[in-house]
Amino acid sequence: MGSSRLICSFIGVLIHLRESPGCSAASSIDVPLRGSAVQSSTYTGRSAALAIDGSCSPQWEQSCAHTFQVDNPWWRLQLDGVYRVSVIEVTNRNLAMERLDGVEIHIGNSLGNNGNDNPRCAIIHDVPDGLTQTVHCWGMEGMYVNFYKPFNYTYLALCEVKVYGELAPPPPSISTPGVGMNVTLVGKRLCWSDALFYCRDYHWDLLILRGPVEQKIVDDLVARAPFPLTSHLWVGLRRSILGSSWFWMSGDPMDFTQWDEASQESSPCGGISSSERSTWRQRFCGEHLNFICFTGPTEGAKKVRFYSTTRVKPTCKN
C-alpha cells in the first residue's frame, strides 16, 4: 500500500488490556521503532519525550507526557523513516482515564494541520486507568504517528507509546546521468510541494532544465520508465505569486524554456508532459503527479526557500 494511495481509514480493533508493568509488545514483534516527539503544548515538566522514554509507569507526575487544557490537543511521534505500522501500544495514566478517551490515532507523511489530517488508524475509547492498550493499524504507512483529541478545552496525557512495524520499501525510480548531475524519475505520486520536499530530503532538489541537451536526456529517461506515469511530471518550476515570472526552485537562472503556449491552466506550479516531448505546462499545485529530482548542487545556485504556516517543511496547501 503506497503512502500516496492511503485513502481509507481503518477503525482499529482495540484488544488485550493488561497492567502497565507488562507493557511489552506482542511476542511476534521485537523492538519498538525509534523517533522524536513533540506536542501542542507542555504542562509544567511533562514534555512529549516522556511518552517514549521506555518507562511504562502510569504515574503521570513521573513519566507521562501532558498538555495544557486547550482546544484540540495533539502529540506527534516522528519516526526515522517511512514505516508500515502494524501495532501501537499506549499506556494510560493511573488517574483521570478520560484524558485518553476519544483520542484519534493518525498515521501518514503529511504535516498538514500538524499531522492530524493524515489517515486515521483508530479511535481510543474506555481505557482503564493505568493499563496498556494495543491498537492494530494493519500496515498503514507513514513517518508521523499522531495522537489527536478533537475536543474543546481539554487535556491530552500519554504515559507511554510504543510503535511497531517495518520499514516501507522505497518507491520505484529510474535514474540517468545528466550534465554535471544525476537525474531520478520517481514512481511515487505527490503534490508539488510534497514532491519538492521529497527531492530535498532524498536528493538535492526538483529537476531543473537548463538547455536542449538536458531536455533530451530527460525526455529519453521518461520514455523508458519501467512503471506507469501520470500525464505530467513535477519539476522545479514555480511562478511568482504576485507576478508572471517563472523561476527554478534550485535558484538556477531560467535561460531556457519549453512552454506550451496553448496551456490555459493558471497555476504557480509547473511540470513537463510525460507523453509529449519537450513540453512544459502549468498544473494545479495540489495534483498528485510523478516527479523528477536531481542530485547536485549546481555551481553558484542558492535554493529558494519555501515556507508554510503548518510545517517547517510544508505540504500541499496551494
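Identified under the disulfide (SG to SG under 2.5 Å) test for residues 150-181, with sequence neighbours left out: C64-C159. Evaluation of the ring pair (Phe, Tyr, Trp, His ring centres under 6.0 Å) test over residues 82-101, restricted to residues two or more places apart or in two chains, returns none.
Relative to the six-membered ring of F247, R238 misses at least one condition, a distance below 6.0 Å or an angle of at most 45° to the axis. For the pair K303 and W248, the cation does not sit on the ring face, since its NZ or CZ is not both under 6.0 Å from the ring centre and inside 45° of the axis.
Taking F151 as the reference, nothing meets the ring-ring contact (aromatic ring centres under 6.0 Å, His included) condition, with sequence neighbours excluded. Residues that satisfy the ring-ring contact (aromatic ring centres under 6.0 Å, His included) test with F147, not counting sequence neighbours, are W75. Residues that satisfy the salt bridge (Lys or Arg N to Asp or Glu O under 4.0 Å) test with D71, not counting sequence neighbours, are absent from this structure.
The distance from the OG1 atom of T257 to the CG atom of L237 is 9.5 Å, given to the nearest 0.5 Å. Atom CD of E89 is separated from atom OH of Y164 by 4.5 Å, given to the nearest 0.5 angstrom. I105 CD1 to I123 CD1: the interatomic distance, rounded to the nearest 0.5 Å, is 10.0 Å. One distance of note links NE2 of H232 with CD of Q282; it measures 11.0 Å at 0.5 Å rounding. Once rounded to the nearest 0.5 Å, the distance linking CD1 of I272 with CG of L207 reads 6.5 Å. Rounding to the nearest 0.5 Å places CZ of R210 at 4.0 Å from CD1 of I208.
In the hydrophobic clustering, where aliphatic and aromatic side chains (Ile, Leu, Val, Met, Phe, Trp, Tyr) are joined below 4.5 Å either directly or transitively, Y153 stands alone.
Between F294 and H203, the distance from one ring center to the other does not fall under 6.0 angstrom. A centroid separation of less than 6.0 Å is found between the aromatic rings of Y198 and F291.
Hydrophobic clustering places L196 together with Y202 (ILVMFWY residues linked when any side-chain heavy atoms are closer than 4.5 Å, directly or through intermediates). Clustering ILVMFWY residues whenever any of their side-chain heavy atoms sit less than 4.5 angstrom apart, transitively, puts L221 in a cluster other than the one holding V213. Residues V38 and Y144 do not share a hydrophobic cluster, defined by chaining ILVMFWY side chains whose heavy atoms lie under 4.5 Å apart. Residues W74 and M140 fall into different hydrophobic clusters, defined by Ile, Leu, Val, Met, Phe, Trp and Tyr side chains chained together at heavy-atom separations under 4.5 Å. W259 and F256 fall within the same hydrophobic cluster, defined by Ile, Leu, Val, Met, Phe, Trp and Tyr side-chain heavy atoms under 4.5 Å apart, directly or through other members.
Inter-residue side-chain proximity for V186 and I292 is flagged as unmet; no heavy-atom pair is nearer than 4.5 Å. Contact check for D205 versus R200: side-chain heavy atoms found under the 4.5 Å cut-off. Considering only heavy atoms from C-beta on, L111 stays 4.5 Å or farther from N114 through its side chain. In this structure, the side chains of S193 and F306 come closer than 4.5 Å at one or more pairs of heavy atoms. The shortest distance between side-chain heavy atoms of V163 and V161 falls below 4.5 Å. With contacts defined as side-chain heavy-atom distances shorter than 4.5 Å, the pair L156/V103 qualifies.
When atom types are taken as modelled, the side chain of W234 and the backbone of L190 share a donor-acceptor pair closer than 3.5 angstrom. For the pair R277 (side chain) and Q215 (backbone), a donor-acceptor distance under 3.5 Å is absent. Judged by distance alone, with hydrogens and angles left aside, the side-chain atoms of D80 form no donor-acceptor pair with the main-chain N or O of G35 at under 3.5 Å. Under a 3.5 Å cut-off, the side chain of N146 and the backbone N or O of R76 do not form any donor-acceptor pair. Not one N or O on the side chain of T176 forms a donor-acceptor pair closer than 3.5 Å with the backbone of V183. At distances below 3.5 Å, at least one donor-acceptor pair connects side-chain atoms of N290 with backbone N or O atoms of K188. The backbone N or O of G270 sits nowhere less than 3.5 Å from a side-chain atom of W246 that would complete a donor-acceptor pair. Formation of a donor-acceptor pair under 3.5 Å by the E160 side chain with backbone atoms of G54 is found in this model. The closest donor-acceptor contact from the side chain of T184 to the backbone of S175 lies at 3.5 Å or more, if one exists at all. A donor-acceptor contact shorter than 3.5 Å links the side chain of Q39 to the backbone of R46.
Look at K216 and D220 and you find a salt bridge, because one of the NZ, NE, NH1 or NH2 atoms lies within 4.0 Å of a carboxylate O, short of that distance. With respect to the salt-bridge test (charged N to carboxylate O, under 4.0 angstrom), the residues E261 and R281 do not qualify.
When all heavy atoms of P177 and I217 are compared, the closest pair comes out as O-CG2, 3.7 Å. Closest heavy-atom contact between H288 and R189: CD2-O, 3.6 Å. Between R283 and S231, the shortest heavy-atom contact is NH2-OG, 4.2 Å. When all heavy atoms are compared, the tightest approach of H106 to N118 is ND1-O, 2.7 Å. The two residues C285 and C191 come nearest to each other via the heavy atoms O-CB, 3.4 Å. Among all heavy-atom pairs drawn from F68 and S41, the shortest one is N-OG, 3.0 Å.
Side chains of D53 and S63: a donor-acceptor N/O pair is present below 3.5 angstrom, by distance only. A side-chain donor from one of T91 and T132 sits under 3.5 Å from a side-chain acceptor of the other. In this structure, a donor-acceptor pair under 3.5 Å is present between the side chains of K149 and T154. Looking at S110 and D194, their side chains never bring a donor and an acceptor atom within 3.5 Å of each other. A donor-acceptor contact closer than 3.5 angstrom links the side chains of N94 and Q59. Side-chain contact annotation: S273 with T279, donor-acceptor N/O pair under 3.5 Å absent.
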Test log, rule side-chain hydrogen bond (donor to acceptor under 3.5 Å, both in side chains), inputs S278 and D219: CA-CA 7 Å; S278 304; D219 288 342; 2.9 Å; yes
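Ring orientation note: the planes of H66 and Y43 are tilted relative to one another, at an angle of 30° to 60°.
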